[in-house]
**Q** 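I have a structure here, written as C-alpha cells, and I will follow up with some questions on it.
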There are 2 protein chains.
Amino acid sequence: MSTIGKALSLLDLISELDKDIGLSDLARLSALDKATARRFLVDLERHGFVEQDEETRRYRLGAAPVRLARLRQARFPFVAVAAPFVKALAEEAGETVHLSEFSGGRLSTIHVEDSAQAHRVIVDPGAVLPFHATASGLAYLAFLPPGEIDRALARPLERFSAHTATDADAVRTLLRETVERGYSISQQGFEIGVISAAAPILTPGGRPMGALAVAAPTARADMARMHEIGRKAAAAARGIAEKYYGGRT
Amino acid sequence: MSTIGKALSLLDLISELDKDIGLSDLARLSALDKATARRFLVDLERHGFVEQDEETRRYRLGAAPVRLARLRQARFPFVAVAAPFVKALAEEAGETVHLSEFSGGRLSTIHVEDSAQAHRVIVDPGAVLPFHATASGLAYLAFLPPGEIDRALARPLERFSAHTATDADAVRTLLRETVERGYSISQQGFEIGVISAAAPILTPGGRPMGALAVAAPTARADMARMHEIGRKAAAAARGIAEKYYGGRT
DNA sequence: CCTTGTGGTTCATTATTTGAACCGTTATTT
DNA sequence: AAATAACGGTTCAAATAATGAACCACAAGG
C-alpha cells in the first residue's frame, strides 16, 4: 500500500476511536512501527487532521475536516437539501430516520433525525453501515452495476447479529426484492430489536450515491407498516435526488 | 517534505479551488509531476477525500471530510456551542459575525451569521484568515506565546489591501493594543470597505484556539461603535470558552 | 532500585516514490 | 479535413524517501 494510503487509513482508525489514544497503542492497533506511526501523526497534525493533547500527549481527530466539510457542503449541499425531507419523513413515520452517503468505499451516516417517540432507535452520526447487513447498505448495493455487487459480495460477509445474512446468495435475494420494490427491508440484520426500511438516492446517471433509512423498534414494526414506510422512504429519496440534482446539470 | 505532507497539501490546494480541476492543471498548480499528482489523487479518492467527476474526469473535494467533521463535532461541539453566541452577537451588533478556529497552521472561518441588514459584509465559510491582516488573526496572534508571534511575523507579510500592515513592528503595535483591550480592530487590512473587531477564544490554559469577529461596512463603522462592538465580542468569546470548556475537564 | 511501560529519536537498510517519455483520445487551429 | 496541441493516464529505471530495530529519557509500580 502507498504511504498516503497507510496514513489515511491511520486517520480512519483514529476517527473510529471515541477517545484519545497514545502512540504505542496506536502503533499496535494500526500494525505500524512506532516510529512510522509517529511520522504519520506529525504530518497529519501539521495539516490539522489530527491533534495531540498538550498534557496527556495522546492523539485524536483534528479540526481540519470541519473546514473541508464546510467547503464541500457549500458546493454540494447534500445534507442541507436532504434535511427537510428527512425531518418530514421522521414525522410522517414516527420513527428515527437517517441519511447516509457513499464515500471512500463506505456508506456512512451523515445526518440523523430522531423519532419523537420515547422508545426510539438511536443512530450514531458518522457510523459506517455495512452493505450486506443494513437496510441502507442493501438499498445502495441493489442499484449498483452487477460487477460492483459481485465485488462487494466476494469477500466474507461479517456477522453482526443472529439474523445477519452472511451468505452471498441470501443477500442477492434481498437485493432482487429491493430492486423490485424500490426499497429494502432489513430485519435485525445489524442490531437486534431494530427493523429498517431504506431507499437509495440516485444520481441522474442512475447510480446510487447514498441512502435514506427509517429504523423502527421491532415492537412497533409489523411488516405491513414497514412496507408502507419503505414506500414513503422511496418517495422521499426521489424527492431529495430531484431537488439536489435539479439545481445542477 | 514527506509524501504525506505533499498529498495533504495537494488536498488543501484542491479545497481552495471553487470548481473542479483537471489533472494537468492540478499538476501545474501544485508543482508536482503529473504522474505523481495522479497517484496522490487515486489514493485520496480511495479514501473519499477527493472525487472525480465521471464524465469530465476532473477532480474535486470529496465527501469523507463530512463524515470526519461529524465525528469531530460529536466529541468537540465547538460550532454547536458557539452558534447561539454568534447569533446573539450578530443581532446585538447588527453586523455579520464569524467564528474561526485554528487548525493545520491556519485560522479559518467555520461558522457565519449574516447581519440582518441589506448592506452587509459577506464572509465565506472555510476561508483562511491571514494572521496579520484580519481582526481575527490579530486577536489570535496577540494572545500567543511571544516565541510563536515572532515565528509568525518572521516571514514576509503579504499585502491584501492598501491598508494592510506589512511591517512586523506595525503589527506588533496592533498586537499590544489588542492585548490591552482584549479585542482587536482591523481597518480595511484585508478588504477595502470592511472594518472588523475580533476577540480570541482562549483555552483554559490561556492559549487562543480561535476567534470571534464582527465585520462592518466602513460606512457604518465609526471608531466609537467599533470599540463598543469589540467589547461585546470579547464578552461573547469568553462566554463561548466558558460553555465549551466548562463541560469538560 | 529494578522492571516495565510510556513518548519520542536515530540512521543504515530497504522499498517506495519519482518523472521523462510514452500512449491513446479529444479539442482546437489552420 | 488534416495538423496540432492539449488532455488524462501509464511505464519503469533512477533517485529518494520510508522503514524499523535499537536506542533515549522519563514515569509509574512492584
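A, B, ... follow the sequence lines: proteins, then strands. Residue 1 opens every chain.
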**Q** Could you work out which one of C:dT6, C:dT17, D:dG20 sits closest to the side chain of A:Ser24?
**A** C:dT6
**Q** Using whole Å, what does the distance between atom P of nucleotide C:dT26 and atom CD of B:Glu55 come to?
**A** 14 Å
**Q** What is the distance, to the nearest angstrom, from the CG atom on A:Leu10 to the C1' atom on D:dA18?
**A** 15 Å
**Q** Considering residues, nucleotides and ligands other than B:Arg181, do more than 12 of their heavy atoms fall under 6.0 Å from its CZ?
**A** yes
**Q** Taking 4.0 Å as the cut-off, does a side-chain nitrogen or oxygen of B:Tyr59 come that near to OP1 or OP2 on D:dG9?
**A** yes
**Q** Looking at D:dG9, C:dT18, D:dC7, which one has an atom nearest to any side-chain atom of B:Arg28?
**A** D:dC7
**Q** Considering only heavy atoms and no angle criterion, is a donor-acceptor pair shorter than 3.5 Å present between the side chain of B:Lys34 and the base of D:dG9?
**A** yes
**Q** Could you state the CD-P distance from B:Glu45 to D:dG8, rounded to the nearest angstrom?
**A** 14 Å
**Q** Select one nucleotide: of D:dA18, D:dT19, C:dG7, the one nearest the side-chain heavy atoms of A:Arg57.
**A** C:dG7
**Q** Is it the case that A:Arg72 and B:Ser15 place a side-chain donor and acceptor less than 3.5 Å from each other?
**A** no
**Q** Is a salt bridge present between B:Glu16 and B:Arg60, judged by a nitrogen-to-oxygen distance below 4.0 Å?
**A** no
**Q** Compare side-chain N and O positions of B:Arg38 against OP1 and OP2 of D:dC7 and report whether any pair is under 4.0 Å apart.
**A** no
**Q** Output the single nucleotide from D:dA18, C:dT17, C:dA20 whose closest atom is nearest the side chain of B:Asp33.
**A** C:dA20
**Q** Parallel, tilted or perpendicular, judged at 30° and 60°: which one describes the rings of A:Phe131 and A:Phe102?
**A** tilted
**Q** Between B:Thr3 and A:Ile21, which residue's closest nucleotide on DNA chain C lies nearer the 5′ terminus?
**A** A:Ile21
**Q** To the nearest angstrom, how far is B:Phe40 atom CZ from D:dA17 atom P?
**A** 11 Å
**Q** Any idea which of D:dG9, C:dT17, D:dT19 is nearest the A:Lys6 side chain?
**A** D:dT19
**Q** State whether A:Ser2 places a side-chain N or O below 4.0 Å from either non-bridging phosphate oxygen (OP1 or OP2) of C:dT16.
**A** no
**Q** Looking only at the side chain of A:Ala35 (C-beta and beyond, no hydrogens), which of the listed nucleotides C:dT9, C:dT6, D:dT11 gets closest?
**A** C:dT9
**Q** If you count heavy atoms of other groups shown closer than 6.0 angstrom to CZ of A:Arg106, is the number above 12?
**A** yes
**Q** Take atom CG of B:Asp43 and atom P of C:dT16, then tell me their distance rounded to the nearest Å.
**A** 13 Å
**Q** Which of these nucleotides, D:dG8, C:dA20, C:dG8, is closest to any side-chain atom of B:Gln52?
**A** D:dG8
**Q** Let me know the distance between CG of B:Asp20 and P of D:dG8, rounded to the nearest Å.
**A** 12 Å
**Q** Between P on D:dT10 and CG on B:Leu41, what's the gap in Å once rounded to a whole number?
**A** 12 Å
**Q** May I have the distance from B:Arg39 (atom CZ) to D:dA17 (atom C1'), rounded to whole angstrom?
**A** 12 Å
